[in-house]
Every structure is written in structure tokens, then in C-alpha cells.
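Letters go in sequence order (proteins before strands), and every chain restarts at 1. Quantities reported herein were computed from a predicted structural model and do not represent experimental measurements.
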Amino acid sequence: MKHLEVSEFLQNFNKELFESNLIDWFQDQKRDLPWRMDQDPYKIWVSEIMLQQTQVETVIPYFERFINKFPTPQDLANADEQEVLKAWEGLGYYSRARNLQSAVKEVSEKYEGKVPKTPELLSELKGVGPYTLGAILSIAYDMPEPAVDGNVMRVMSRVLSIEDDIAKQKTRKIFEAVLREIISSKDPSSFNQGLMELGALICKPKNPNCSICPVQKHCRAYHAGKQTQLPIKSKAKKQKTHAYYAVVLMNKDGEVYIEKRPNEGLLANLWQFPMINKSEIDFDYLSAWLEQTYPITTFGCKKLSPVKHVFSHVIWELEVYQFVVDVKEVEGVVGRFVSEQDLTAYPFPVSHQKIISQLSF
DNA sequence: AATCCGGGGTA
DNA sequence: TACCCAGGATT
């Protein structure tokens, strides 16, 4: 029963009744979320970027602060990137923030701040992929575009008993084709949001609550008793561990040395304490390496608590040391010494926030 | 088609 | 632990 055509998935499927069952349930049961207060395309855009791979409850406080700080596209376009990253601090996938600001600048300049209304123009924007495109067009502009995310694939794989591997890129296209056939033309916004809301509240990955599901009678997986076996998803490979020394260099004034990470790759443009891979240096030479790399001479050294941090694709194990240092006057140094007070102005990854929380100034 | 890119919630 | 989350960009 694999790799069927769209028409085969939809045989004997009552799409009109499915549509009304889904939309009626959504209108009645939808959560009161801050990006549902109005239909401002900018706010919907911001929310959709934040919601990528991120749960609703996590996003809510970030969204509130972000919109309060950058109420309009112009505000975000004119902001300093460091300010934007600071507002994103702790949310993860920081390229979302940089791409969003870049795209908002483009909208501000080319379209007078109006979010474009066509798939072609929208998909040109950085950070707007197939899902976000459909979400913006359907929710902000009531256009019948599919918005296929993890929720939608889980719900529809069960409803239509679709057994393709949802971890594979091409499978999303199958769901988009199916959704184009059944999406409501009357209320595509409630239809798309209803599918996602259903996935979040009822048709959950584990223990789906089929007994109260508004589309139970349409669900082939439920009727076959195999709702917990769908969707099919191949496993991701395990992360590799990287071990580093991370060092806090504190001068006599209680200021600590921080440096900006490169403008691409992991945690791009965020700040950190100096780190060196343990495979590159033995601990006995750490002090000497620090003195040749940074404008300092080291004195005392004490060990802080180690930090373990799990990313989606890699694991960091940081062995943390704090050095007392004298500062030499050197030009061309990338980092800087900052006070405890000023530290709060810089965006740090959570792994290094764990180090900051150990410091006593 | 794989891999890179965060962090937190949940069973 | 392992899996998941209103995914997109890069290789």
C-alpha cells in the first residue's frame, strides 16, 4: 500500500464533510494565541518563522516581546542585527532571525512594507519556504494554498493512510498535492490552521486522542486500528560529541573577555567565551595558548562546572575554566572585555548562558 | 538526497 | 533516552 497516486488516496473520501467537520471544530476549540488577535500579515509572518520547529508554548513569550520591540516591518528593517539576535536569544535556529530581518528589509524597500501576495514573490524572500509561503497566503490573505508541516503530514497520513516516509523531502509534495484537492476554498485559513491545531491538540505523535477527534469517521488509520503506527518516519542519525575547553578570562575590574562568532555556520554572529577543541591542545598548554592568542597574561585558574549542551546534530561538552588575567594593550583584537552589566546586551547561545550563570563578579 | 542549523517539551 | 516541534538553506 505504498506510493499511491493522489486520486487513489482520495477515493471514497468525503472532502466536503471532512472540511466542515474540521473547520467547525477549529472555530469552536481553537486556542487563543497572540498572533490570532488580528490578520496583520507582518505579525503572521513573524509568528510562522518563530513556529518553525518550535512549539507554540515556547514561541508565545518571544512573539510578544518581539512584536512589542518591532511593531512594524519598518521597525524591524531599521533595527541593528545584534538587537534582533538578542530578541531571538534562546529560541534557536538563529538564521531564522537574520533571514527574517533581511527579508523584511526587502519588503520594506521593494513593496513599501506590504507583505507580497503571490507565491512567486513570497518565495523569493529569505527564510520563506513552501510551508511558510502557504501559511502566510492562507492565514493572512485567505488564499487556498496548502501549508504542509509536521502536524499536517501526521494528521493526513493517518486520515488517508499514507505510508510514505515523511522524513523524506519528496513526501511533502505528495501531501501538498493531496491538500490542493481537498483544501477549503471558502475558508482556507481555518482549514490549514485546523489541521495544525488538530495535530497539536488531538492527533498527537503518541497517544492520539481519537475518542474526541472531530474527523474520526474520516480516519482510515483509526478504522484499521493502526493510528499509532503512522506516520512512517525514518530515524535521524545520532549526534557526534565535540569536547572543548571554554575559558572565562576575567581582568582586575571584573570584566570578562567575549568574542563574536563567525557570520556563518553554527550560532552565527552570536557571542561566546573563547573555546578551543580539546583535540587541538593539551590542558598543560592551555595557559600558553591563551597568552599567545589573546592580549593577556594569565594568573590564577579555577575550574567551573562543565557544560553539556545538546543540539539537533551535535553535542557540546565544555570543560570550563576561569582565569584571572592582566590585559595587554594590543591592536586588532576581535573580542572585548565587558562588565557583568554590559554582558546582558549581547546575544549568547544557551550553552554560554550556562557559563555566565556560574560567574561571580 | 543528505546534511546543517537550537532549544525545549514530553512519554 | 528517544522523539517531536506551524522548516529552510546549503551541499
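Distances shown here put a side-chain N or O of A:K237 below 4.0 Å from the OP1 or OP2 atom of B:dT3. Within the structure, every side-chain polar atom (N or O) of A:H313 is placed at least 4.0 Å from both OP1 and OP2 of B:dC4. At the phosphate of C:dG7, OP1 or OP2 sits under 4.0 Å from a side-chain N or O atom of A:Q53. Between A:T132 and C:dG8 there is a side-chain N or O to OP1 or OP2 distance below 4.0 Å. Look at A:Y93 and you won't find any side-chain N or O under 4.0 angstrom from OP1 or OP2 of C:dC5.
Rounded to a whole Å, the CD atom of A:E57 is 10 Å from the C1' atom of B:dG9. Regarding A:F311, its CZ atom lies at a distance of 9 Å from the C1' atom of B:dG7, rounded to whole Å. Residue A:K238 contributes atom NZ, which lies 16 Å from atom P of B:dC4 at whole-angstrom precision. Distance, A:M50 CE to C:dG8 P: 16 Å, rounded to whole Å. Put simply, CG on A:L195 is 14 Å from P on C:dC5, counting in whole angstrom units. Between A:D149 atom CG and C:dC5 atom C1' there is a gap of 9 Å when expressed in whole angstrom units. Here C:dG8 presents its C1' atom at 13 Å from CD of A:E176, a figure rounded to the nearest Å. Across the protein-nucleic acid pair, A:E48 atom CD and C:dG8 atom P stand 9 Å apart, rounded to whole Å.
Heavy atoms of A:K233 sit under 4.0 angstrom from primed sugar atoms or phosphate atoms, though from no base atom. Note on A:V128: only backbone sugar-phosphate atoms sit closer than 4.0 angstrom, heavy atoms only; bases stay farther off. Among the atoms of the strands shown, none is found under 4.0 Å from any heavy atom of A:I49. A:G265 comes within 4.0 angstrom of the backbone, heavy atoms only, and of no base. Residue-level contact check: A:R31 touches the bases, meaning some heavy atom is under 4.0 Å from a base atom. Within the nucleic acid shown, A:N207 comes within 4.0 Å of sugar-phosphate atoms alone, with no base atom in reach, counting heavy atoms only. Base contact: A:W35 has a heavy atom under 4.0 Å from a base atom.
In this structure, a donor-acceptor pair under 3.5 Å is present between the side chains of A:Q193 and A:S189. Side chain to side chain, A:N151 and A:D149 meet the donor-acceptor criterion of an N or O pair below 3.5 Å. The closest side-chain donor-acceptor pair between A:N99 and A:S102, if any, does not fall under 3.5 angstrom. Side-chain atoms of A:Y346 and A:E89 include no donor-acceptor pair closer than 3.5 Å. Of the N and O atoms on the side chains of A:W271 and A:Q82, at least one donor lies less than 3.5 Å from an acceptor on the other residue. Residues A:K217 and A:N21 have side chains that bring a donor and an acceptor to within less than 3.5 angstrom of each other.
With hydrogens and angles left out, the side chain of A:S351 and the base of B:dG6 share no donor-acceptor pair within 3.5 Å. A donor and an acceptor atom sit less than 3.5 Å apart, one in the side chain of A:S312 and one in the base of B:dG6.
Here the nucleotide nearest the side chain of A:Y131, chosen from B:dT3, B:dG6, C:dA6, is C:dA6. Listed nucleotides: C:dA6, B:dG6, B:dA1. Nearest to the side chain of A:Y94: B:dG6. The nucleotide whose nearest atom lies closest to any side-chain atom of A:T54 is, among C:dC5, B:dG6, C:dA6, B:dG6. Of the listed nucleotides (C:dC3, B:dG6, C:dA6), C:dC3 has the atom at the smallest distance from the side chain of A:K235. Of the candidate nucleotides C:dC5, C:dG7, B:dC5, B:dC5 has the atom nearest to the side chain of A:L266. Of the candidates C:dA6, C:dC3, B:dG6, the closest approach to any side-chain atom of A:N151 belongs to C:dA6.
Nearest-nucleotide mapping onto DNA chain C: of A:L51 and A:G127, the residue sitting toward the 5' end is A:L51. Mapping A:G92 and A:Q169 onto DNA chain B by nearest heavy atom places A:Q169 at the nucleotide closer to the 5' end. If A:L91 and A:K204 are placed on DNA chain B by their nearest nucleotide, the residue sitting closer to the 5' end is A:L91. Summary of the strand contacts: A:K126 and A:E197 both lie near DNA chain C, and taking for each the nucleotide with the nearest heavy atom, the more 5' one is attributed to A:E197.
The side-chain tip of A:R96 does not point at the ring of A:Y94 from less than 6.0 angstrom away and within 45° of straight on.
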Audit row: A:R261, A:Q272, side chain to side chain donor-acceptor pair (under 3.5 Å) steps and yes/no: CA-CA 7 Å; A:R261 292 178 60 86; A:Q272 67 174 13; 2.7 Å; yes
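The separation of B:dG8 from C:dG8, taken at their P atoms, amounts to 22 Å, rounded to a whole angstrom. Rounded to a whole angstrom, the distance from the C1' atom of C:dC5 to that of B:dG6 is 12 Å.
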